[in-house]
Participant: 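This is the structure, below, for whatever I ask next.
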Amino acid sequence: MTWQATVLTLFPTMFPGPLGQSLSGRALKNGVWSCQVEDLRLYGLGAHRSVDDTPFGGGAGMVMRPDVVDAALKTVSVKDEISRIYLTPRGRPLTQQDIQHYATGAGVLLLCGRFEGVDERVLEAYNLEQVSIGDYVLSGGEIAAFVLLDACVRLLPGVMGCEKSSVEESFAQGLLEYPHYTRPAQWKGQWVPEVLRSGNHEAIAAWRQAQAEKVTQIRRPDLWSAWIERNKNEPISMCKSA
Ligand code: ADE
């Protein structure tokens, strides 16, 4: 069954954009996923197909009109069970867990805002999930949509060559991933850690676990605290500091 992405945007020609390349592009061609793009401008009002207006209460910028967004949302045909998402810096932070949830569902509908955002009433009327890809402000939701879609599509069955790698990668276990090395074994005087060349799979797994814990502790104290909390009843080696 095809995983269905529907994108509502004022810039429809941006899609599928980078997602038409590489693994996601091949999966799109093969029907693993579909990308339906709806031009919000088509629902604009008057001769100029206006989609926005000044904010009540004053202030800078323009706000996308609820009637325009409503007309677009009413028209697009999507399965009932898909997740309906509005991309906004005001949203809850997107996590790998969300991605796994979306990727195992039927698909997503993504509303991309521009200007100062979308009138709150239409977001509430459609009960859209409000999601942010990070604590910075983009000029619109389109690039955030690429991020969300790319992260989902690579998890769809058959898209990534090696299914096991999505279980081991960063965030999948709540930790950042261990470092990677390849040939040459010695480069600019630096050796690949000996344990990785030892052929001892148990020792390699233990080294990687320790490295994952160490890097998470240094770079992401938030993830590290959550990991400690989740593993506090595990044997001591699972969460000792590496
Ligand atoms: N639109 C603008 N900035 C955004 C962000 N950080 N996340 C999601 N959508 C956005």
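This structure is a prediction, so every number in the text was calculated from the model and none was measured. Ligands are counted one by one from 1 in listed order, and the atoms in each one are counted from 1 as well.
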Participant: Which atoms from ligand 1 have a heavy atom of V131 less than 4.0 Å away?
Facilitator: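 Counting from 1, the qualifying ligand atoms are 8 (C).
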Participant: L138 versus ligand 1: do any nitrogen or oxygen atoms come within less than 3.5 Å of each other?
Facilitator: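 Right, the criterion is met.
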Participant: Checking the N or O distance criterion of under 3.5 Å, is ligand 1 in contact with Y136?
Facilitator: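 Right, the criterion is met.
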Participant: Which is it for S83 and E129 under the side-chain contact (heavy atoms from CB on, under 4.5 Å) test, yes or no, and what are the steps along the way?
Facilitator: CA-CA 8 Å; S83 299; E129 288 179 42; 3.8 Å; yes
Participant: Below the 3.5 angstrom mark, is there an N/O of V137, backbone or side chain, next to an N/O of ligand 1?
Facilitator: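 V137 vs ligand 1: no N/O contact under 3.5 Å.
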Participant: What protein heavy atom sits nearest atom 10 (C) of ligand 1, and how far off is it?
Facilitator: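 Going by distance alone, atom 10 (C) of ligand 1 is nearest to P89 CD, 3.5 Å.
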Participant: So if I count the atoms of ligand 1 from 1 in the order they appear, which ones are less than 4.0 Å from some heavy atom of G140?
Facilitator: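 Those atoms are 1 (N), 2 (C).
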Participant: Any carboxylate oxygen within less than 4.0 angstrom of a Lys/Arg side-chain nitrogen, looking at R114 and D52?
Facilitator: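 No, this pair does not count.
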Participant: Going by the atom numbers of ligand 1, which of them fall below 4.0 Å from some non-hydrogen atom of L87?
Facilitator: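 So the answer, numbered in order with elements, is 8 (C), 9 (N).
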Participant: Between A144 and ligand 1, is there a nitrogen or oxygen pair with a distance under 3.5 Å?
Facilitator: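 Such a contact does not occur with ligand 1.
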Participant: Without swapping roles, check the side chain of W3 against the backbone of Y102 for a donor-acceptor pair under 3.5 Å.
Facilitator: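 Yes; judged by distance alone, with no hydrogens or angles, the pair exists.
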Participant: Count the heavy atoms of every other residue, nucleotide or ligand shown that sit under 6.0 Å from CD of E120, and state whether that count exceeds 12.
Facilitator: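 Yes, enclosed.
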Participant: Does NE2 in H48 sit with more than 12 non-hydrogen atoms of other residues, nucleotides or ligands closer than 6.0 Å?
Facilitator: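 Incorrect, the count does not exceed 12.
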Participant: Give me the nearest non-hydrogen protein atom to atom 7 (N) of ligand 1 as residue plus atom name, then the distance to 0.1 Å.
Facilitator: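 So the nearest neighbour among protein heavy atoms is I133 N, 3.0 Å.
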Participant: Let me see the working for Y126 and D70 under side-chain contact (heavy atoms from CB on, under 4.5 Å), right down to the final yes or no.
Facilitator: CA-CA 9 Å; Y126 283 86; D70 175 41; 2.5 Å; yes
Participant: Between E213 and R208, is the closest basic N to carboxylate O distance under 4.0 Å?
Facilitator: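 Here R208 does not pair with E213 in a salt bridge, since their nearest N and O are not under 4.0 Å apart.
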